[in-house]
Amino acid sequence: MYLVKFGGSVLTNKETIKSQKGKKIFYRDRTARLLSELGPIGEEFILVHGAGSFGHPLAKKYKLKDGYKKESQIPIVAKVHEDVRALNLSIIRAMGEIGIPAASLPPSSLVEFSKGFLKELNTRPFRHHLEMGVVPVTFGDVVPDTSRKFGICSGDDLMMHLAKEFKPRIAIFVTKVDGIYTGDPKAGPSEFIPEINENTIRLIQDSKDDVPDVTGRMKRKAKMMLSIAKGGVDCVVLNGLERNRLRKAIEGRKVKLTIGRGKK
Ligand code: IP8
């Protein structure tokens, strides 16, 4: 089996330009094309997706990641939950349209956080659906936190825990860039890192841009890759805007990407 995450910036207008501010746009055609690269391979998989513009701007504005501070956050918790569910439903529908049976597994009812960290993930519904031949689809969400009332569970947190539990042959992060760079390639000179390990991770510098991301950037992603790789699972970051890169990576063909090699 394999595990794949579609980043929110691939699926939505997360990196909002001024004229789109406040709008939540789901890129239907791009998502359908990415889904079609998963479909025909005939191997079990779990799909995770990010929240993009459906989750990050409000979560950031109301500081949901730090947990409960004031009562005015509560309706926002419900609103973010509603919005990420709406995005999830669009993805489930797009899967149905191309003949991939899929079921939504919302973290708000499967995950428990404590002090801002994932403590428990109920994986039984994932196993059940896989056994039935239905693809489990989960996503970045607002979740209960035993000490802070609520917290933000990112798709990356879910990838890490699902990789540990299911030991897929590969974990794939689909993003808008070719892989991990030493810095933001849009902001200045930076180098592509084909393989993440203890040495190359030190070269990464996160840039401060105005993307409303509450769950971290490339350095965090690289740390997660290393942690997944330490658990014995190959882990890659690749560019979902390039047609067929995802399909070829799943098929084990050579494409441009960054890999963290699973420790065997
Ligand atoms: O987009 C974030 O998940 P991510 C979830 O996978 C929310 O980082 C609600 C902002």
Side-chain angles (χ1 to χ4, degrees), residues 3-16 22-27 30-31 34 46-69 73-92 104-113 116-118 121 136-145 148-163 171-177 180 206 209-225 227-228 235-238 240:
L3 187 60
V4 58
K5 182 192 172 195
F6 289 173
S9 58
V10 182
L11 306 178
T12 74
N13 60 327
K14 180 174 173 185
E15 281 135 48
T16 0
K23 286 196 189 131
K24 296 188 269 293
I25 303 172
F26 168 55
Y27 297 139
R30 184 190 289 171
T31 306
L34 281 169
I46 296 174
L47 177 64
V48 177
H49 66 81
S53 56
F54 288 66
H56 286 272
L58 267 190
K60 185 172 187 188
K61 186 166 175 197
Y62 290 88
K63 298 190 168 63
L64 300 189
K65 190 164 175 53
D66 303 332
Y68 181 84
K69 294 282 182 296
Q73 289 173 308
I74 298 300
I76 308 299
V77 167
K79 177 66 182 146
V80 171
H81 186 58
E82 181 194 329
D83 289 348
V84 293
R85 287 289 291 256
L87 173 63
N88 176 252
L89 188 57
S90 301
I91 293 163
I92 298 278
S104 171
L105 300 184
S108 54
S109 36
L110 297 173
V111 166
E112 198 172 274
F113 260 40
F117 292 97
L118 197 158
L121 167 65
V137 184
T138 192
F139 50 91
D141 200 357
V142 189
V143 295
D145 185 306
R148 300 176 175 180
K149 291 197 183 179
F150 56 80
I152 295 286
C153 176
S154 77
D156 289 0
D157 293 326
L158 295 163
M159 286 290 280
M160 228 166 86
H161 279 73
L162 291 168
I172 304 170
F173 290 86
V174 179
T175 68
K176 270 176 78 171
V177 287
I180 305 281
D206 268 339
D209 52 28
D210 57 1
V211 178
D213 193 322
V214 291
T215 50
R217 295 172 211 280
M218 278 296 162
K219 188 129 194 177
R220 187 168 190 261
K221 175 120 23 220
K223 281 186 189 157
M224 283 213 183
M225 289 179 77
S227 153
I228 291 175
C235 181
V236 303
V237 172
L238 56 76

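As the structure lists them, so they are numbered: ligands from 1, and atoms in each ligand from 1.
Ligand-side atoms of ligand 1 in range of Gly140: 3 (O), 5 (C), range being under 4.0 angstrom from any heavy atom. Taking every non-hydrogen atom of Gly155 and a distance limit under 4.0 Å, the qualifying atoms of ligand 1 come out as 3 (O), 4 (P), 6 (O). Of all atoms in ligand 1, numbered sequentially from 1 with element shown, those under 4.0 Å from a heavy atom of Gly55 are 10 (C). Residue Val80 approaches ligand 1 through these ligand atoms, each under 4.0 Å from one of its heavy atoms: 9 (C).
Under a 4.0 Å N-O distance rule, the pair Asp157/Arg220 qualifies as a salt bridge.
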So Thr12 and Ile25, side chain to side chain contact (heavy atoms under 4.5 Å, CB included) or not? Walk me through it.
CA-CA 5 Å; Thr12 74; Ile25 303 172; over 6 Å; no
For this session: Check the pair Leu3, Ile172 against side chain to side chain contact (heavy atoms under 4.5 Å, CB included), reporting the backbone distance first and the verdict last.
Result: CA-CA 6 Å; Leu3 187 60; Ile172 304 170; over 6 Å; no
Passes salt bridge (charged side-chain N to carboxylate O under 4.0 Å, His left out), Asp156 versus Lys5? Steps please. CA-CA 8 Å; Asp156 289 0; Lys5 182 192 172 195; 2.9 Å; yes
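Residue Asp141 places no N or O, backbone or side chain, under 3.5 Å from any N or O of ligand 1. Among the atoms of Ala51, some N or O lies under 3.5 angstrom from an N or O of ligand 1.
Note: Phe150 and Tyr68 have perpendicular aromatic rings, judged against thresholds of 30 and 60 degrees for the angle between ring planes.
Using a 4.0 angstrom heavy-atom cutoff, Lys5 counts as in contact with ligand 1.
Between Phe139 and Leu87 the shortest side-chain heavy-atom distance does not fall below 4.5 Å.
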